[in-house]
Protein chains: 2
Amino acid sequence: MIRVLLVHDTYLLRTALAALIGREADLEVSSTSWPGAVATSRTLRPQVCVVDMDSADAVGPRGIRELSRRCYEGDGGFSLLALASAGRPGPLRRAYEERALGFLSKNASPDRLVEGIRHVAKGERYIDESLGFGFLEASEMPLTRRELSVLSLAAEGASIGEIARSLCLSNGTVRNYMAAITRKTGARNRVDAIRISQCAGWV
Amino acid sequence: MIRVLLVHDTYLLRTALAALIGREADLEVSSTSWPGAVATSRTLRPQVCVVDMDSADAVGPRGIRELSRRCYEGDGGFSLLALASAGRPGPLRRAYEERALGFLSKNASPDRLVEGIRHVAKGERYIDESLGFGFLEASEMPLTRRELSVLSLAAEGASIGEIARSLCLSNGTVRNYMAAITRKTGARNRVDAIRISQCAGWV
């Protein structure tokens, strides 16, 4: 019997997906939202966590990073299987950075999901071929970590001065970063750079 | 027997949700993506369309508007049941404008979904109480249609000059609109106004 914890934002959809997984005789499934993921993983002690990466919470403070840390604690870990959208390389990269073992497109069939769960439960890597191009894009992310920090603050509506104070930089340096970001993303201007990066899921 | 068409972006989740609905003896369900919604509704002739509003495609050219038009054609219509998120009044408002009969939170239970389908199939209005606050917010949308057009172009990265040309306005008028938008949304600046409006699902 493989114990599975499914992490997804909305109750209706995670209940539906859990029902689908639970039809398999060898899979026992529970589901929770991102904010409840770490706590539930402690009590449930699953072998596999299936996580939906298309959520602001997935990359937030109680998201994939904390769950991954919990996963590699000494008291019995689990494997991460990430659900991602083919057109958004950002969340895919985050799941890869946090040592997910499996990667499945949200447009895959339920059979593929079940197959993926069984693979990662055995500690085997599982990658949906339809995500191949997404991985290519993820590996080509043009921005540095520092540029991403600047861009994230800009996307939240912070002014140049606010970004400078927040990151202990001069206004001129922040302007230089914003110019580099706009150039590297092929954007027309700052707002366009934010839009392009949000579409890709970088910020 | 009630024929239901479920419209949702990703194959995995719509298959899961359809399986859940299909467990009911009186419901017969098919599912499709937004781009396929109108064509499928023509061949399937459902009594109820359950539509996920949290999708860019839902408000796009082949989205809720075209499906709603098809619904009110002479050759036998159907009722629309909209799935929406409580914190995003924009999609809720769009579903209301396009004459959806039912409104359900994506955090509702599967029982509520099935109940909602049966209600709207009989032509009865069905509103999830948890969406009440969202409706209040939707009714208080602060921007005019013109301001929304300006904001949508700005959110796509268009400059003041590009917005002016596209809407046949002067640069000064576009600047005035942007100032009004920033003030009305309580934003710190233009980028912040875009962020606030995107969170609410207005653009």
Side-chain angles (χ1 to χ4, degrees), chain A residues 6 8-23 33 50 52 54 56 83-87 104-114 116 128 130 151 153-163 178 182 185-196 198-199 203, chain B residues 6 8-23 33 50 52 54 56 83-87 104-114 116 128 130 151 153-163 178 182 185-196 198-199 203:
Chain A
L6 170 68
H8 185 285
D9 264 354
T10 71
Y11 183 74
L12 187 60
L13 290 164
R14 71 175 177 258
T15 306
L17 205 52
L20 204 91
I21 298 170
R23 290 195 302 205
S33 64
V50 177
D52 178 16
D54 279 334
L83 299 181
S85 297
L104 194 77
S105 162
K106 286 164 89 173
N107 273 324
S109 69
D111 287 350
R112 298 278 292 163
L113 173 61
V114 166
D128 194 3
S130 71
L151 188 64
L153 289 170
E156 287 165 16
S159 66
I160 295 285
E162 286 165 337
I163 297 170
M178 283 307 311
T182 304
T185 55
R188 291 177 286 173
N189 51 45
R190 202 196 308 178
V191 176
D192 200 30
I194 292 170
R195 182 190 62 83
I196 288 170
Q198 282 175 335
C199 280
V203 292
Chain B
L6 171 68
H8 185 284
D9 264 354
T10 71
Y11 182 74
L12 188 59
L13 290 164
R14 72 175 177 256
T15 307
L17 205 51
L20 203 91
I21 298 170
R23 291 195 303 204
S33 65
V50 178
D52 179 16
D54 280 334
L83 299 181
S85 297
L104 193 77
S105 163
K106 286 163 91 172
N107 273 324
S109 69
D111 287 350
R112 298 277 292 162
L113 173 60
V114 167
D128 194 3
S130 71
L151 188 65
L153 290 169
E156 287 165 17
S159 66
I160 295 285
E162 286 166 336
I163 297 171
M178 283 307 310
T182 304
T185 54
R188 292 178 286 173
N189 51 47
R190 201 195 308 178
V191 176
D192 200 29
I194 292 170
R195 182 190 63 83
I196 288 170
Q198 282 176 334
C199 280
V203 289

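A, B, ... follow the sequence lines: proteins, then strands. Residue 1 opens every chain.
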So which part of [X] gets closer than 4.5 Å to some heavy atom of chain B, the side chain, the backbone, both or neither?
X: Leu17(A); answer: both
X: Asn189(A); answer: side chain
X: Ala155(A); answer: backbone
X: Asp9(A); answer: backbone
X: Arg112(A); answer: neither

Looking at Arg190(B), Arg195(B), Gln198(B), which makes the most heavy-atom pairs under 4.5 Å with chain A?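 The option with the most such pairs is Arg195(B).
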Considering only heavy atoms and a distance below 4.5 Å, find which of Leu113(B), Ile196(B), Leu13(B) pairs most often with chain A. Leu13(B)
Is chain A contacted by the side chain of [X], its backbone, both, or neither, given a heavy-atom distance below 4.5 Å?
X: Ala193(B); result: neither
X: Ala108(B); result: backbone
X: Ile21(B); result: neither
X: Leu20(B); result: side chain
X: Ala187(B); result: neither

To the nearest 0.5 Å, what is the distance between CZ on Arg188(B) and CD on Glu162(A)?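 So the gap between those two atoms works out to 4.5 Å.
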I'd like to know which of Asp52(A), Asn107(A), Val191(A), Asp192(A) tops the heavy-atom pair count under 4.5 Å against chain B. Asn107(A)
